[in-house]
Amino acid sequence: MNLEVDNLLLESLKEVMDLTPNALGFFDRDYRLLYCNDVMASVLGKPKEQAVGQLQKDLLREAYNHSIGIKIDADNFDTWFDEVEKTQRSVEYNQYETDTNEGQYYNVTRMTLSNGMNVIVGANITELKKIQMTLTQAITDIEQLANTDELTGIYNRRYFIELSEKEIGRAKRYDHPLSLIVIDIDFFKAVNDGYGHHVGDTVLSFFCKQCNEQLRDSDTLCRVGGEEFAILLPHTQVNHAGDIAERIRLCIKASEIPYDDSGSTLNITLSLGVTQFKEGDINISDLLIRGDKALYQAKDSGRDQYVVQL
């Protein structure tokens, strides 16, 4: 009776192993595959009849070389596998997540049994990962909307203040220079009044696009008011910031801005104030106050120019 029960249990266990939606593989002490179900075979990237009897290293190398089954993001397979072996030799149990080139995700449990056999079980978490990725993207999109000016697509005042405080903290901690350019479009009200707000919107978008093309990846342009903009320039001395301000001014002044289907264009100029973070500054307000003073000096001196305020 006991023998019949044992055989029944073994048959049932074998059927469960074959039918489970989880990946399941048994390796001997040398990590030669003794058994795998179809799900594990798909993770290894080949039919189980071909996989059984092969060493784990050979199976993984083939998956790596042909980009099938388990995704192995490594520049050098042997270096990567040495780390895998080191973990398998040093701990009897570990868990990790992995994915396949076919878009499946698994939460993997690996264990070494007392008889030396190694068992690998991979729970399919593809649907959960898709939900997580969707939520992560949604959070990113919400943050982007919260930090972005809807019209121009550049960062808004909220993000500017947040970023400025971080950059000021870095400037204090590492004694790095940090400069600020404050920009106002000259006579922008006349553009809105004379051409309409839709043309004013075109001018703002055009300015932002042209301005960004003059900046480095590390520089950040933000819209802080209607026609008022600020550029944060990390690792930048004020004299270099002045050069950047002049480059932007000349670029915009030379631009013909199209605003209707007939090919009509208009021109704008800029007034710019330039300043630099200095000892005694507490937050971005200190730089903005000096930048605004420089900006108004530029306006009072005839506009279409930049002024430095230290």
Side-chain angles (χ1 to χ4, degrees), residues 147 149 151-172 176-192 200 203-255 257 267-310:
N147 293 329
D149 176 60
L151 172 64
T152 61
I154 66 171
Y155 290 117
N156 58 19
R157 186 180 185 89
R158 175 182 180 275
Y159 182 79
F160 170 73
I161 298 300
E162 180 181 319
L163 176 65
S164 297
E165 297 305 327
K166 291 179 181 178
E167 291 297 345
I168 286 175
R170 293 189 185 99
K172 290 179 178 179
H176 291 160
L178 174 67
S179 290
L180 176 72
I181 302 175
V182 181
I183 306 173
D184 189 80
I185 298 176
D186 295 331
F187 304 111
F188 184 72
K189 185 176 184 301
V191 174
N192 278 334
V203 169
L204 291 174
S205 297
F206 182 91
F207 159 76
C208 291
K209 182 177 183 299
Q210 295 299 311
C211 186
N212 265 326
E213 289 179 359
Q214 305 302 314
L215 299 177
R216 306 163 300 182
D217 290 342
S218 58
D219 304 330
T220 305
L221 171 68
C222 302
R223 187 181 183 187
V224 295
E227 69 273 20
E228 298 172 3
F229 298 84
I231 304 173
L232 204 61
L233 302 106
H235 302 275
T236 306
Q237 297 285 356
V238 71
N239 59 334
H240 188 202
D243 294 338
I244 295 172
E246 179 67 358
R247 187 167 69 237
I248 292 170
R249 185 190 72 83
L250 292 174
C251 171
I252 297 301
K253 184 175 183 177
S255 298
I257 305 176
N267 301 90
I268 60 171
T269 60
L270 307 174
S271 295
L272 308 95
V274 182
T275 191
Q276 179 176 324
F277 175 78
K278 64 181 182 179
E279 187 176 356
D281 287 342
I282 298 174
N283 54 41
I284 190 58
S285 295
D286 296 314
L287 279 80
L288 282 172
I289 290 171
R290 287 198 304 277
D292 283 339
K293 285 182 179 179
L295 173 65
Y296 286 110
Q297 286 180 29
K299 285 180 173 294
D300 291 342
S301 299
R303 294 180 167 82
D304 188 23
Q305 59 186 284
Y306 79 90
V307 170
V308 175
Q309 175 81 41
L310 295 176

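Positions are given from 1, in the same order as the sequence printed here.
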List the residues meeting side chain to side chain donor-acceptor pair (under 3.5 Å) with D281, not counting sequence neighbours, and say none if there are none. R290
With rounding to the nearest 0.5 angstrom, report the CD to NZ distance, E162 to K166. 4.5 Å
Is the side chain of R249 donor-acceptor paired with the backbone N or O of Y306 at a distance under 3.5 Å, no angle test? no
Calculate, to the nearest 0.5 Å, the distance between atoms CD1 and CD1 belonging to I257 and I252 respectively. 6.5 Å
Say whether, by atom type as modelled, one donor and one acceptor occur between the side chain of N267 and the main chain of S255 under 3.5 angstrom. yes
Under the side chain to side chain contact (heavy atoms under 4.5 Å, CB included) criterion, do F207 and T152 qualify, and how do the steps go? CA-CA 9 Å; F207 159 76; T152 61; over 6 Å; no
For side chain to side chain contact (heavy atoms under 4.5 Å, CB included), just list the numbers for L232 and L180, CA-CA rounded to whole Å, side-chain angles, deciding distance to a tenth of an Å, and then say yes or no. CA-CA 5 Å; L232 204 61; L180 176 72; 4.1 Å; yes
Note: Q305 and S301 closest approach over all heavy atoms is NE2-O, 3.0 Å
Here the pair of heavy atoms bringing Q276 nearest to L287 is C-CD2, 4.2 Å
Which heavy atom of D286 sits nearest a heavy atom of I282, and at what distance? OD2-N, 2.5 Å
Determine the minimum heavy-atom distance between V238 and T275, stating which atoms define it. CG2-C, 4.0 Å
Please identify which of these residues, I154, D219, I248, meets the side chain to side chain contact (heavy atoms under 4.5 Å, CB included) condition with C211. I248
So, taking the atom named CD1 in I268 and the one named CG in L270, what distance separates them when rounded to the nearest 0.5 Å? 5.5 Å
Looking only at non-hydrogen atoms, find the nearest pair between V224 and F160 and report the distance. CG1-CD2, 3.8 Å
For R247 and L250, indicate whether the former's side chain and the latter's backbone hold a donor-acceptor pair under 3.5 Å. no
For T269, check side chain to side chain donor-acceptor pair (under 3.5 Å) against everything at least two apart and list the hits. D186
Is the number of heavy atoms from other residues, nucleotides or ligands within 6.0 Å of NZ (K299) greater than 12? yes
For D184 and Y296, what are the C-alpha separation, side-chain angles and deciding distance, and is it a side chain to side chain contact (heavy atoms under 4.5 Å, CB included)? CA-CA 9 Å; D184 189 80; Y296 286 110; over 6 Å; no
OG/S164 to CG/N283 distance, rounded to the nearest 0.5 angstrom? 9.5 Å
Is there a side-chain contact between E167 and T220, using heavy atoms and a 4.5 Å cut-off? no
Got Q214 and I244 here, is their nearest side-chain heavy-atom distance under 4.5 Å? no
Exam field: side chain Q309 to backbone A294, donor-acceptor pair closer than 3.5 Å: no
Under a 4.5 Å cut-off applied to non-hydrogen side-chain atoms, are K278 and L310 in contact? no
Can you measure from OG (S285) to CD1 (I161) and round to the nearest 0.5 angstrom? 6.5 Å
Please tell me if the side chains of R158 and N147 come closer than 4.5 Å, counting only heavy atoms from C-beta onward. yes
Are any of the side-chain heavy atoms of E228 and L295 separated by less than 4.5 Å? no
Quick check: closest heavy atoms across A171 and L178, and the distance to 0.1 Å? CB-CB, 4.2 Å
Taking only residues two or more places apart in sequence or in another chain, which ones pass ring-ring contact (aromatic ring centres under 6.0 Å, His included) with Y155? Y159
When rounded to the nearest 0.5 angstrom, what is the spacing between CD1 in I231 and CG in L272? 7.5 Å
Atom NZ of residue position K172 - does it have more than 12 heavy atoms of other residues, nucleotides or ligands inside 6.0 Å? yes
Are the side chain of T236 and the backbone of P234 linked by a donor-acceptor contact shorter than 3.5 Å? yes
Pair L151, R223 - check side chain to side chain contact (heavy atoms under 4.5 Å, CB included), show working. CA-CA 10 Å; L151 172 64; R223 187 181 183 187; 3.7 Å; yes
